[in-house]
Amino acid sequence: MSSLRLLMHQKHCAQSTFKCSICGVCLPKVAERKHHKIAHELIRCDCGLELTQLDLHEHQKSDCTKKSVKCSFQWCSLSFPLDQIEHHESICARKNVTCPVCSMDVTQLELEQHLQALHLVDTSNINWLAPLANQLTSVARAPTTNKLKCVCNREFQFQDDLEVHQLTECPLQVTSENGAVFVE
């Protein structure tokens, strides 16, 4: 390149470009305001942190406490800010819980019906926000004086325990073609 061309090029560059005083990058002068706004002006994220637009998107995807997070329970489709998801998941109706009577896993949503249907528990006075084990010490089912005997010779004290056994684990359980379960 001739010295005259080089001189003209340098003059043109000096007139049409700028060097950012903060980060040192060289850009066209028409981009100066936009560069400063995107790369150096601080904006406040919903979580309260101040950062540049360049950093905001990555922050909101990775470590922002206000980023949207989907509930981890299988049948729940709700999303909450990261700083609220733990509370939601602690009370989510789709969370699996263990029945305090029979130790069967059911969803929190199904627990009341499960207790009523399988264990004959009166759930009208249960405080669902308190631990259930302490409240179910006086389960509203009376033991029979005589043991109930399944056809497989296993004995049960409660009718509902016998019925659950017959429906789930009795070796003499037979299923018909239409799906009905009966004991031989």
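What you see below is based on every heavy atom in this structure, not just the backbone, and it leaves out hydrogens, waters and symmetry mates.
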Undergrad: Taking all atoms of both residues into account, what is the closest heavy-atom pair of Thr65 and Cys47, and its distance?
TA: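 Scanning both residues completely, I find the closest heavy atoms to be OG1-CB, 3.4 Å.
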Undergrad: Please round to the nearest 0.5 Å and tell me the distance separating atom CD of Glu86 and atom OG of Ser72.
TA: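 Going from the CD atom of Glu86 to the OG atom of Ser72 covers 11.0 Å.
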Undergrad: Can you name the nearest heavy-atom pair linking Cys150 to Leu162, along with the distance?
TA: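 Heavy atoms only, the tightest pair is CB-CD1, 3.6 Å.
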Undergrad: Tell me, yes or no, whether the heavy-atom count around Lys37 atom NZ, taken from other residues, nucleotides or ligands under 6.0 Å, exceeds 12.
TA: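 Incorrect, the count does not exceed 12.
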Undergrad: How far does CG of Leu115 sit from SG of Cys99, to the nearest 0.5 angstrom?
TA: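 Reported to 0.5 Å precision, the distance equals 5.0 Å.
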Undergrad: May I ask you to check whether over 12 heavy atoms, not counting those of Gln113, lie within 6.0 Å of atom CD?
TA: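 No.
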Undergrad: Run His35 and Phe18 through side chain to side chain contact (heavy atoms under 4.5 Å, CB included) and show every step you take.
TA: CA-CA 11 Å; His35 166 76; Phe18 80 100; 4.1 Å; yes
Undergrad: Calculate, to the nearest 0.5 Å, the distance between atoms CG and CD belonging to Asn96 and Gln74 respectively.
TA: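 Rounded to the nearest 0.5 Å, the CG-CD separation comes to 8.5 Å.
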Undergrad: Ion pair present between Arg154 and Glu169, side-chain N to carboxylate O less than 4.0 angstrom?
TA: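 A salt bridge is present here (some side-chain N lies under 4.0 Å from a carboxylate O).
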Undergrad: Are Leu111 and Leu109 connected into the same hydrophobic cluster when the rule is that any two of I, L, V, M, F, W, Y join if their side-chain heavy atoms are below 4.5 Å apart?
TA: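 In one cluster with Leu109: Leu111, no.
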Undergrad: Given the rule in the side chain to side chain contact (heavy atoms under 4.5 Å, CB included) test, do Lys67 and Lys61 qualify, once you have shown the distances and angles that lead to the verdict?
TA: CA-CA 7 Å; Lys67 75 176 177 178; Lys61 281 186 354 187; over 6 Å; no
Undergrad: Can you see which heavy atom on Ile38 is nearest to which on Thr52, and at what distance?
TA: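 Between these two residues, the closest heavy atoms are O-CB, 3.6 Å.
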Undergrad: Cluster question for you: counting only ILVMFWY and a side-chain heavy-atom cut-off of under 4.5 Å, with indirect links fine, are Val106 and Ile126 together?
TA: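 Looking at the clustering, Ile126 is in the same group as Val106.
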Undergrad: Would you call Lys29-Glu32 a salt bridge at under 4.0 Å N-O?
TA: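 The answer is no: the pair does not qualify as a salt bridge.
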Undergrad: Going hydrophobic residue to hydrophobic residue with side-chain gaps under 4.5 angstrom, can you get from Val69 over to Leu78?
TA: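 Looking at the clustering, Leu78 is in the same group as Val69.
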Undergrad: Parallel, tilted or perpendicular for His88 and Phe80, by the 30°/60° rule?
TA: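 The rings of His88 and Phe80 lie parallel, inter-plane angle below 30°.
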Undergrad: Enter the distance from Cys102:SG to Asp161:CG here, rounded to the nearest 0.5 Å.
TA: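 If I round to the nearest 0.5 Å, the distance is 8.0 Å.
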Undergrad: With the side chain counted from C-beta on, respond yes when Glu41 and His36 share a heavy-atom pair under 4.5 Å apart, and no when they do not.
TA: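 SC-SC contact between Glu41 and His36 confirmed.
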Undergrad: How far apart are the closest heavy atoms of His165 and Cys152, and which atoms are they?
TA: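 Answer, listing the atom of His165 first, then Cys152: NE2-SG, 3.3 Å.
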Undergrad: So how far is it from Leu7 CG to His12 NE2, rounded to the nearest 0.5 Å?
TA: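 Leu7 CG to His12 NE2: 13.5 Å, rounded to 0.5 Å.
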Undergrad: Judged by modelled atom types alone, do Asp63 and His59 share a side-chain donor-acceptor pair under 3.5 Å?
TA: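 Note: Asp63 and His59 side chains meet the donor-acceptor criterion.
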Undergrad: Taking all heavy atoms of Cys45 and all of Leu56, pick out the closest pair and write down the distance.
TA: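 Heavy atoms only, the tightest pair is CB-CD1, 3.8 Å.
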Undergrad: Show your working on side chain to side chain contact (heavy atoms under 4.5 Å, CB included) between His40 and Cys20 and close with a plain yes or no.
TA: CA-CA 10 Å; His40 304 298; Cys20 178; 3.3 Å; yes
Undergrad: Under a 3.5 Å distance rule, please check whether Lys66 uses its side chain to pair with a backbone N or O of Leu82 as donor and acceptor.
TA: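 Judged by distance alone, no pair lies under 3.5 Å.
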Undergrad: Let me check something: do Val121 and Val97 share a hydrophobic cluster, defined by ILVMFWY side-chain heavy atoms less than 4.5 Å apart, either directly or through other members?
TA: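 Result: yes, single cluster for both.
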Undergrad: Looking at every heavy atom in both Lys95 and Glu89, which two are closest together, and how far apart are they?
TA: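 Result for this residue pair: CD-O, 3.4 Å.
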Undergrad: Give, for atom SG of Cys64 and atom NE2 of His57, the distance between the pair rounded to the nearest 0.5 Å.
TA: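 Rounded to the nearest 0.5 Å, the SG-NE2 separation comes to 12.5 Å.
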Undergrad: Measuring only between side-chain heavy atoms, which start at C-beta, is Lys19 closer than 4.5 Å to Val25?
TA: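 When only atoms from C-beta onward are counted, Val25 and Lys19 do not touch, as no gap falls below 4.5 Å.
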Undergrad: Going only through I, L, V, M, F, W and Y residues with side-chain contacts under 4.5 Å, is there a path from Trp75 to Phe73?
TA: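 They do not share one cluster, since no chain of ILVMFWY contacts under 4.5 Å joins Trp75 to Phe73.
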